[in-house]
Amino acid sequence: MTSARSQNIACCHGCGLPTEVPQLEPNYVAHCPRCNSELHLRVRNSLSRTWAFVLAAYFMYLPANLLPVSTIIYLDDGQPDTIMSGVISLFQKGDAPIALVLFIASIAVPAIKLLILTWLLVTVKRRSRWKPRDRTVLYRAIEFIGRWSMLDVFVISILVALVQLQAIATVYAGPGAVAFCAVVVLTMFAAETFDPRLMWDPLEEDS
Amino acid sequence: MSGLVHRASALACPSCDLLLAQPSLAPGEVATCTRCGAILARGKGDVAQKTFAYSVASLILLVVATSFPFMEYELAGRSQIARLSTGVTQLYADGYWELALIVLFTSILAPAVLLLSLASITGAMLLRQRFRWMPTLVKLATKLKAWSMLEVFLLAIAVSSIKLSQLANIAEGPSLYAFVGLILTSSLALSSFEPAAVWRYLDGEESR
C-alpha cells in the first residue's frame, strides 16, 4: 500500500489529476498542468484552519441555542421561541415526528458534528493509528449530513414569508437564527478544510 | 507549469491518498478504494447527453418555480401569497440581511449557477467544442454542489406547512409543483454528471 504522497504525487483538488511535484523550494508553487490549480500534497494548514472554524462554531453555538430564533404573534399574543422551546411546544401539540425531525436537524446534528470534528482533530494531532478507516467513514458521514441542519433556517424564512397578516398573525425572525445559521455555515467550512488523508499519514511511517 | 509529470493513468483516493490505477468502468459499475472504502468513480455511460437533458429541464422548472406564487396562507378571510423569493426579501426588510443572503444563496443562486454550469459544460461537449471557460465551470460546479440545498428546502416546506396547519389554511401554488419536479430533475442531473468524464473529454479522449 503506497500513498500518493510517498511518491511525491499531488492530487489536484480542482480536477483530481495526480501530478508529480518536485521537492519544492520556498516561495515556489506548482500548478496543475490540466486545470492550473495550485498543487499541494495536503490541504494547506488544514489543522489550524479547521480548528479556527470549529472554535468559532462552538462560540456561536451558545447564542444559537439561548437567543430566540423566531416569534409567532397570533392575535397580539405570542412569545419568542428558542430552538429548544420550539421543539418542545411542537411536541406538546402532538406533532412528535416533526418535533423529532427538527430536534435531530437543529440540535443533535450540529452538536454531534462539532464533537466529532474536535475528536478527529485531536486524533490527527496525536498521530493516532487507531481505526483510520472507521474515522474516515465518520468524517464522510458528518460531511454528508451537515447541510440538513439548514432546515430550521429555511423553515423560519418560509414562515416569515407566509405569515404577514399584520393585525392577525405575524412571524418575525430572531437574533438566535443568525447565530444558528453561522454555526451551520462554519461547521460546513470546517468539514471542507479538514483533510481526511492526514488520518492515514501516521500509518505510512510504520511501514 | 510545464515540465511536471502527470499520471492520467493513476488515481489517488481523495479520502486516504492510496495510489491506485485509474479504473475503466462499464455503466453502473462503481470503483471503491481498497483501503478506506471511499467511492472513487462511477461508470455512467453517456454523461453529456443525460446531464444536458436533465439540467436544461431543471433550469426551465427553476424559472417556473421562482416566477409564480408558491404557497398561500389564509386566516380569518385574509390571505397572503408567497413566492420562492419572498422569504429572502422579508428577512432583508426585517433587518436580517445575513439570513437573507444565506437563504438566497443556498436555495436560489447556488442551484441556478450549478445547473447553468452543468448545462453549458455538457452542451459544449455535445457540440464537440472545447472552450476555455470549461475547466473553470467544472471546478465551480464541484464547489457549489455542497451549497445547493433544494432538497433541504423541500423538507422545510413540509415542516412549515405542518407547523401552520393548526393556525390557518395552507394552499399550494403552481410553483410548488414545479419545485417538486425541480428536485427530481436536478438530482438526476447531478447524479448523471461526472467531472472526471469532462476532464477526460478536455484531455482529448473521445467521450464514448
Side-chain angles (χ1 to χ4, degrees), chain A residues 1-5 7 9 11 14-22 30-31 33-37 74 90 93 95 98 101-102 132-133 136-137 139-140 147-148 150-151 153-165 168-169 172-173 177-178 181-182 185 188 192 196-197 199-201, chain B residues 1-2 4-8 10-19 35-38 71 73 75-76 78 80 82-83 86-91 94 96 98-100 102-103 106-107 135 138-139 142 146-147 149 152-153 155-157 159-160 162-164 166-168 170 195-196 199 202-203:
Chain A
M1 297 241 172
T2 41
S3 70
R5 177 186 167 127
Q7 309 289 305
I9 291 174
C11 233
C15 73
L17 181 73
T19 303
E20 276 180 47
V21 286
H31 289 267
R34 184 158 70 183
C35 75
N36 209 26
S37 306
Y74 179 66
L90 265 179
K93 280 177 201 157
D95 279 324
I98 296 297
V101 167
L102 275 178
R133 186 177 168 133
T136 308
V137 170
Y139 166 72
R140 281 203 297 266
R147 56 202 278 106
W148 289 94
M150 283 298 278
L151 181 66
V153 175
F154 289 147
V155 168
I156 292 165
S157 111
I158 292 168
L159 292 185
V160 163
L162 268 180
V163 191
Q164 291 295 329
L165 304 172
I168 312 169
Y172 298 102
V178 181
C181 191
V185 171
M188 282 183 71
E192 231 166 69
R197 295 172 297 184
M199 295 190 282
W200 295 85
D201 285 342
Chain B
M1 245 185 91
S2 57
L4 294 182
V5 183
H6 67 269
R7 300 190 179 175
L11 180 79
C13 172
S15 283
C16 76
D17 210 29
L18 184 68
L19 201 55
R35 185 161 74 168
C36 75
M71 286 211 276
Y73 169 92
L75 182 66
R78 293 184 58 180
Q80 172 96 27
R83 290 166 192 277
T86 310
V88 175
T89 48
Q90 190 63 45
L91 283 171
D94 289 347
Y96 291 103
E98 309 94 333
L99 288 178
I102 298 283
V103 173
T106 53
S107 67
V138 181
K139 285 194 268 184
T142 315
W147 297 94
M149 305 188 186
V152 185
F153 199 87
L155 183 62
I157 294 168
V159 170
S160 13
I162 293 171
K163 261 189 138 172
L164 289 178
Q166 297 144 336
L167 276 181
I170 311 282
W199 295 117
L202 291 173
D203 280 348

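Reckoned from all heavy atoms, side chains included, excluding hydrogens, waters and symmetry mates. The structure presented is a predicted model; accordingly, all values stated were derived computationally and were not measured. Order of the sequence lines fixes the chain letters, A, B, ..., with proteins taken first and strands second; residue numbering starts at 1 for each chain.
Checking side-chain atoms of B/Lys163 against main-chain N and O of A/Leu159 turns up no donor-acceptor pair under 3.5 Å. Listed for the B/Asp17 side chain is no donor-acceptor partner under 3.5 Å among the backbone atoms of A/Trp200.
Options B/Leu91, B/Ile170, B/Leu155 differ in how many heavy-atom pairs under 4.5 Å they form with chain A, and the most are formed by B/Leu155. Put simply, of A/Cys15, A/Cys35, A/Ala169, the one with the most heavy-atom pairs under 4.5 Å next to chain B is A/Cys15. Considering only heavy-atom pairs separated by less than 4.5 Å from chain A, the leading option among B/Ser107, B/Ala82, B/Cys13 is B/Ala82. Of the residues considered (B/Pro195, B/Gly37, B/Pro135), B/Gly37 shows the highest number of contacts with chain A, using heavy-atom pairs under 4.5 Å. Ranked by non-hydrogen atom pairs under 4.5 Å with chain A, the options B/Ser160, B/Cys36, B/Ala156 are led by B/Cys36. Your options are A/Pro132, A/Gly16, A/Ala182, A/Gly14, and the one with the most heavy-atom pairs under 4.5 Å with chain B is A/Gly14.
Neither the backbone nor the side chain of B/Val138 comes within contact range of chain A, judged by heavy atoms closer than 4.5 Å. For a residue to count as touching a neighbouring chain, one of its non-hydrogen atoms must lie under 4.5 Å from one of that chain's; by this rule B/Tyr96 touches chain A with the side chain only. Both the backbone and the side chain of A/Val178 come within contact range of chain B, judged by heavy atoms closer than 4.5 Å. Contacts of A/Leu17 with chain B are made by side-chain atoms alone, with heavy-atom separations under 4.5 Å and no backbone atom involved. No part of B/Ala196 comes within reach of chain A, as not one of its non-hydrogen atoms sits under 4.5 angstrom from that chain. Of the two parts of A/Leu151, the backbone and the side chain both hold a non-hydrogen atom closer than 4.5 Å to a non-hydrogen atom of chain B. Proximity to chain A (any heavy atom under 4.5 Å) is restricted, for B/Leu164, to the side chain, taken from C-beta onward. Heavy atoms closer than 4.5 Å to chain B are found nowhere in A/Met199, neither backbone nor side chain. Using a 4.5 Å cut-off between heavy atoms, B/Ala100 makes no contact with chain A at all.
The two residues A/Pro18 and B/Ala12 make their nearest non-hydrogen contact at CG-N, 4.5 Å. The minimum heavy-atom distance linking A/Pro33 with B/His6 is given by the pair CG-ND1, 3.9 Å. For the residue pair B/Gln90 and A/Val160, the shortest heavy atom distance occurs at CG-CG1, 3.2 Å. The heavy-atom pair separating A/Ala4 from B/Leu19 by the smallest distance is CB-CD1, 3.8 Å. The two residues A/Arg140 and B/Ser15 make their nearest non-hydrogen contact at NH1-OG, 3.1 Å.
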**Request:** Walk me through it: do A/Ser37 and B/Lys139 pass the test side-chain contact (heavy atoms from CB on, under 4.5 Å)?
**Result:** CA-CA 10 Å; A/Ser37 306; B/Lys139 285 194 268 184; 2.9 Å; yes
**Request:** Please lay out, stage by stage, how A/Ile158 and B/Met71 fare under the test side-chain contact (heavy atoms from CB on, under 4.5 Å).
**Result:** CA-CA 9 Å; A/Ile158 292 168; B/Met71 286 211 276; 3.7 Å; yes
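Note that CD of A/Gln164 and CG of B/Asp94 are 6.5 Å apart. Values are rounded to the nearest 0.5 Å. Between A/Ile9 atom CD1 and B/Leu11 atom CG the span is 11.0 Å, to the nearest 0.5 Å. Taken from CZ in A/Phe154 to CG in B/Leu99, the straight-line distance is 11.0 Å, to the nearest 0.5 Å. A distance of 9.5 Å separates CZ of A/Arg147 from OG1 of B/Thr106, quoted to the nearest 0.5 Å.
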